[in-house]
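Read the structure below first, then the notes.
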Amino acid sequence: VLPAGSRTCVRRPSSWGRRRAQAGVRDRAPRRAMAFPATATAGADMNLGADLGHLSHDNDLTMKIMKKRQEEMARRTKLLDPRTRQFGVNHTALDEQVAQKRAAKFAQMEEERILAANMAAQEQVLQTIEAMKNETQRARQKEHIDYSLANHHKQTRREYNLSDPKEYTSAYMTLPEDQLGPCSMSRFQGEEVDAAKKKKVQQETADALKRQIQEKKDREQAERDFDRFHAEKMAQANAMRGHCELATAQEMKEDKMAEVEENLALAAARRMRNEAKAQRERDEAMQHAHSVANSDRMNERHDYMVGNTGKLLKGEYKRLTLEEEQDVYNTNAHLLLEKKAQRQALAAENVRESQIAATCAAVLGSVELEREKQQRERAAKLVKENQAIAAAKREKDIKEKIAYRAFEHIETA
């Protein structure tokens, strides 16, 4: 055990870190449990969770959050199923989807085929109707042409008499040709002009023209008087409008001055409020700084504090107490001694195992040498037996050969 006042470079991991980790796990466990309260199953309805009560006024945001949670739960459910995770979606569901898509495709193709057939039938009907209209129009045109060829001639035209060269000499000749004189101009009866009557007509025409001229002058003068009257009225209206605009501008100026004065008063009041607010904030900041500087936390009067729940307050933790620090050092020392003893025991075990291994290797080597020796002896014995058998076989072969070549019977056995 180390002395209480000693300082070493030993690390400070201790039960404090483990306690904090365990406390953190305990603190976070309820939040993780509440993370997906409305998505117990992948197909459940998205009901508002207890942790989203403060967002109940925003329906779109809550629905988006619940949808994300449902998708996450479906993904987790899929990952928890080894078959689905490794081999994908069930083939039965996929087959149903493929069958539905194929049926939808066939239905669309059938609908397009029916639509094409209807369009072809409509096109054929329209072409037939157009052909009938063209035939009717062509027949009507042919009838018109035939009627014109049969009944319309130049003699039946209304202007034919005007173009007849014999019409003038036969209808409008007043005197015989020998009395017309050397000129081509004809003078007809009743063409003489009365001078008094002509002068009277000219005088009446002159009087009518004078009356027309006077009426035109009177009308122009009336129009000028009318325009002058309306111009005077317009000038009076413009003068009145100018006075009204001046009065309006003066009133607007006075209103703007009053508004400026009111704005200046409001700005002064606002400036005073801002100055009072700034002074109050400065006083609060100074008071806060004084309270923070003289607080137990900044002066570190306590190593740490425990809350009402029996847990350490994270914001108030400074360091371990001397007893806890000494406990850390003692724990570290015990751990070091235990590790050292374990290393020594492991080294002794390794030496013992190496000795056993060497002994086993020596025994196995002796056994292997003896096996090889016996194998060599068996091989030498086998060679000797083979040589004896071979020698006996050679002698037998020689005897058989001699007996085969001899003229007399010789026993070879």
Between the side chains of D225 and R228, is the shortest nitrogen-to-carboxylate-oxygen separation below 4.0 Å, so that they form an ion pair?
yes

Restricting to non-hydrogen atoms, name the atom on R241 and the atom on N238 that form the minimum distance, rounded to 0.1 Å.
NH1-OD1, 2.6 Å

How long is the span from the CG atom in D218 to the CD1 atom in I213, to the nearest 0.5 Å?
12.0 Å

With a 4.5 Å heavy-atom cut-off, do C244 and M240 have their side chains touching?
yes

With a 4.5 Å limit on heavy-atom distance, are the side chains of K101 and K105 in contact?
no

One thing to verify: whether E72 and R75 come together as a salt bridge, which I'm taking to mean a side-chain N less than 4.0 angstrom from a carboxylate O.
yes

Looking only at atom types and distance, does a side-chain atom of N274 sit under 3.5 Å from a main-chain N or O of R270, one as donor and one as acceptor?
yes

Heavy-atom distance under 4.5 Å between the side chains of D60 and D58, does that happen here?
yes

R378 and K381, any side-chain heavy atoms less than 4.5 Å apart:
no

Quick one, E123 and M119 - any side-chain contact, counting heavy atoms below 4.5 Å?
no

Quick check for you: to the nearest 0.5 Å, what is the distance between Q214 atom CD and K217 atom NZ?
6.0 Å

Counting only heavy atoms from other residues, nucleotides and ligands, does the tally under 6.0 Å from CD of E372 exceed 12?
yes

Salt bridge present between R113 and E110 (N-O < 4.0 angstrom)
yes

If you apply the rule side-chain contact (heavy atoms from CB on, under 4.5 Å), what do you find for H230 with F226, and how did you get there?
CA-CA 6 Å; H230 284 284; F226 181 79; 2.6 Å; yes

CD of Q137: more than 12 outside heavy atoms within 6.0 angstrom?
no

Does either side chain, that of Q374 or that of R371, offer a donor lying less than 3.5 Å from an acceptor on the other one?
no

Roughly how far apart are L335 CG and K340 NZ, rounded to 0.5 Å?
15.0 Å

Please test M252 against K256 for side-chain contact (heavy atoms from CB on, under 4.5 Å), starting from the C-alpha separation and ending with a verdict.
CA-CA 6 Å; M252 292 176 63; K256 181 60 69 174; over 6 Å; no

What's the separation between atom CG in L346 and atom CD in Q342, rounded to the nearest 0.5 Å?
9.0 Å

Counting heavy atoms not belonging to H152, are there more than 12 under 6.0 Å from its NE2?
yes

Would you call T321 and E324 a side-chain contact if the rule is heavy atoms closer than 4.5 Å?
yes

Please lay out, stage by stage, how Q141 and R138 fare under the test side-chain contact (heavy atoms from CB on, under 4.5 Å).
CA-CA 5 Å; Q141 185 179 5; R138 181 62 178 170; 3.7 Å; yes

Checking N330 against Q326: is there a side-chain donor and acceptor pair closer than 3.5 Å?
yes

Atom pair CG/CG of N59 and L61 - distance to nearest 0.5 Å:
9.5 Å

Could you tell me whether K393 and D397 make a salt bridge, using a distance below 4.0 angstrom between a side-chain N and a carboxylate O?
yes

Set out, in order, the CA-CA distance, both residues' side-chain angles and the distance that settles side-chain contact (heavy atoms from CB on, under 4.5 Å) for Q97 and L94, then state yes or no.
CA-CA 5 Å; Q97 294 180 3; L94 294 178; 4.0 Å; yes

Answer with yes or no whether the side chains of E143 and Y147 bring together a donor and an acceptor at under 3.5 Å.
no

What is the distance from atom CD of E254 to atom CE of M257, rounded to the nearest 0.5 Å?
9.5 Å

If you measure only the distance, is there a donor-acceptor pair under 3.5 Å linking the side chains of Q279 and R282?
yes

